[in-house]
Enquirer: 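Before I ask anything, let me first share the structure, which is written out below as structure tokens.
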Number of protein chains: 2
Amino acid sequence: MKIDKGLMAGSTGMLILHLLAEKEMYGYEMIETLEKRSDSTFSLKAGTLYPLLHSLEKAGYVSSREAEAENGRMRKYYSITDKGNGFLADKKNEWSLFSGAVNKVLDGGAAV
Amino acid sequence: MKIDKGLMAGSTGMLILHLLAEKEMYGYEMIETLEKRSDSTFSLKAGTLYPLLHSLEKAGYVSSREAEAENGRMRKYYSITDKGNGFLADKKNEWSLFSGAVNKVLDGGAAV
DNA sequence: ATATTATATATCGACCATCTATATATGTCA
DNA sequence: TGACATATATAGATGGTCGATATATAATAT
């Protein structure tokens with residue numbers, strides 16, 4: 001099933017930062033990793049990712065360096081910053097609160 | 001914590017339809033019920049709700065009737081339609097898939 | 001050789017849902 | 001009478017995602 005873009009809004013940044021908290025990655029790799037990890041539920045578009053990475057960098061949440069890959073291609077590798085880790089922690093709390101509240105409403109009526 | 005509007009996007013319609021699947025409600029009542037059920041996590045704005053209700057009605061997911069409340073005030077009561085129930089079921093599946101995928105990514109790295 | 005596909009980054013305009021601000025009107029309470 | 005809660009409504013601003021498009025190289029197929 002294709003996930004409505006409305007649902008994606010707001011969580012994409014958190015997901016990207018979470019990946020970068022695990023290890024340095026380049027853009028294309030993030031798209032593939034998200035696709036794989038979510039069992040193809042997510043298919044983040046390049047047109048969404050690259051502007052997002054630029055805004056995360058501008059905000060100081062990630063830093064980047066260009067480097068040549070083994071195959072000779074140029075890639076732009078992103079890393080999360082300390083500031084980014086703090087922001088990520090906040091976003092994870094927010095996600096937890098939000099998804100919990102949605103489920104509360106959906107379960108609700110019963111034991112309120 | 002105030003929930004980022006990006007996160008809300010896409011799930012508000014589902015939440016409203018879920019409330020209406022329980023019982024007929026008027027707009028203001030929906031806002032209060034969501035606030036209460038979510039332990040004040042959600043505070044849906046009137047400027048979001050009323051246009052949303054109109055579009056849900058236009059799409060045939062809800063129907064409305066105007067009636068005088070006990071206190072003499074005019075209220076617009078909304079009910080979910082059969083079509084709306086079908087749409088709601090789809091949206092709940094989508095939410096389940098989406099939130100599951102987000103958690104998979106956040107848990108990920110470990111057991112992939 | 002040549003065409004196609006995958007890799008890799010990037011920008012732009014369109015779309016859509018949310019918010020704030022504003023408007024109107026009535027009921028309640030001080 | 002004034003303030004606040006109730007109740008619905010619309011308009012404009014904001015912001016995130018998408019599709020389309022562009023560029024360039026590597027790998028694969030014909």
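In what follows, every heavy atom counts, from backbone to side chain, and hydrogens, waters and symmetry copies are set aside. By convention in this document, chain letters (A, B, ...) are assigned in the order of the sequence lines, proteins followed by strands, and residues within each chain are numbered from 1.
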Enquirer: Could you state the NZ-C1' distance from B:Lys76 to D:dT6, rounded to the nearest angstrom?
Expert: 17 Å
Enquirer: Whole angstroms only, please: what is the CE-C1' distance between B:Met74 and D:dA9?
Expert: 15 Å
Enquirer: Output yes when B:Glu24 and B:Arg65 qualify as a salt bridge under the 4.0 Å nitrogen-oxygen rule, no when they do not.
Expert: yes
Enquirer: Regarding B:Glu32 and B:Arg37, does a basic nitrogen lie under 4.0 Å from an acidic carboxylate oxygen?
Expert: no
Enquirer: Could you check how far CG of A:Leu49 sits from P of C:dA8, rounded to whole Å?
Expert: 13 Å
Enquirer: Taking atom types as modelled and ignoring hydrogens, do the side chains of A:Lys91 and A:His18 form a donor-acceptor contact shorter than 3.5 angstrom?
Expert: no
Enquirer: Report each atom pair, protein N/O against N/O of nucleotides 17-19 of chain C, whose distance is under 3.5 angstrom.
Expert:
residue: C:dT18; atom: OP1; partner: B:Thr12; partner atom: OG1; Å: 2.4
residue: C:dT18; atom: O2; partner: B:Lys5; partner atom: NZ; Å: 3.4
residue: C:dC19; atom: OP2; partner: B:Thr48; partner atom: OG1; Å: 2.6

Enquirer: Once you round it to whole Å, what is the distance between C1' of D:dC18 and CZ of A:Phe42?
Expert: 16 Å
Enquirer: In whole angstrom, give the distance that lies between atom CD1 of A:Ile31 and atom P of C:dA6.
Expert: 14 Å
Enquirer: Rounded to whole angstrom units, what separation is found between the CD atom of B:Glu70 and the P atom of C:dG27?
Expert: 13 Å
Enquirer: Expressed as a whole number of angstroms, how long is the span from A:Glu29:CD to C:dT7:C1'?
Expert: 12 Å
Enquirer: For B:Leu20, which of B:Tyr77, B:Tyr78, B:Tyr61 qualifies under side-chain contact (heavy atoms from CB on, under 4.5 Å)?
Expert: B:Tyr78
Enquirer: A:Met25 has an atom CE; how far is it from atom P of C:dT9, in whole Å?
Expert: 12 Å
Enquirer: Would you please say whether a donor-acceptor pair under 3.5 Å links the side chains of B:Glu57 and B:Ser64?
Expert: yes
Enquirer: CG of B:Asn71: more than 12 outside heavy atoms within 6.0 angstrom?
Expert: yes
Enquirer: Looking only at the side chain of A:Asn71 (C-beta and beyond, no hydrogens), which of the listed nucleotides D:dT8, D:dA9, C:dA8 gets closest?
Expert: C:dA8
Enquirer: Under 4.0 Å between a Lys/Arg side-chain N and an Asp/Glu carboxylate O for B:Glu29 and B:Lys23?
Expert: yes
Enquirer: What's B:Glu32 touching, base or sugar-phosphate or nothing? Going by heavy atoms closer than 4.0 Å.
Expert: sugar-phosphate
Enquirer: Using the closest heavy atom to pick a nucleotide of DNA chain C for each, name whichever of A:His54 or A:Tyr26 lands nearer the 5' end.
Expert: A:Tyr26
Enquirer: Both A:Ala46 and B:Arg75 contact DNA chain D. Which one's nearest nucleotide lies toward the 5' end?
Expert: B:Arg75
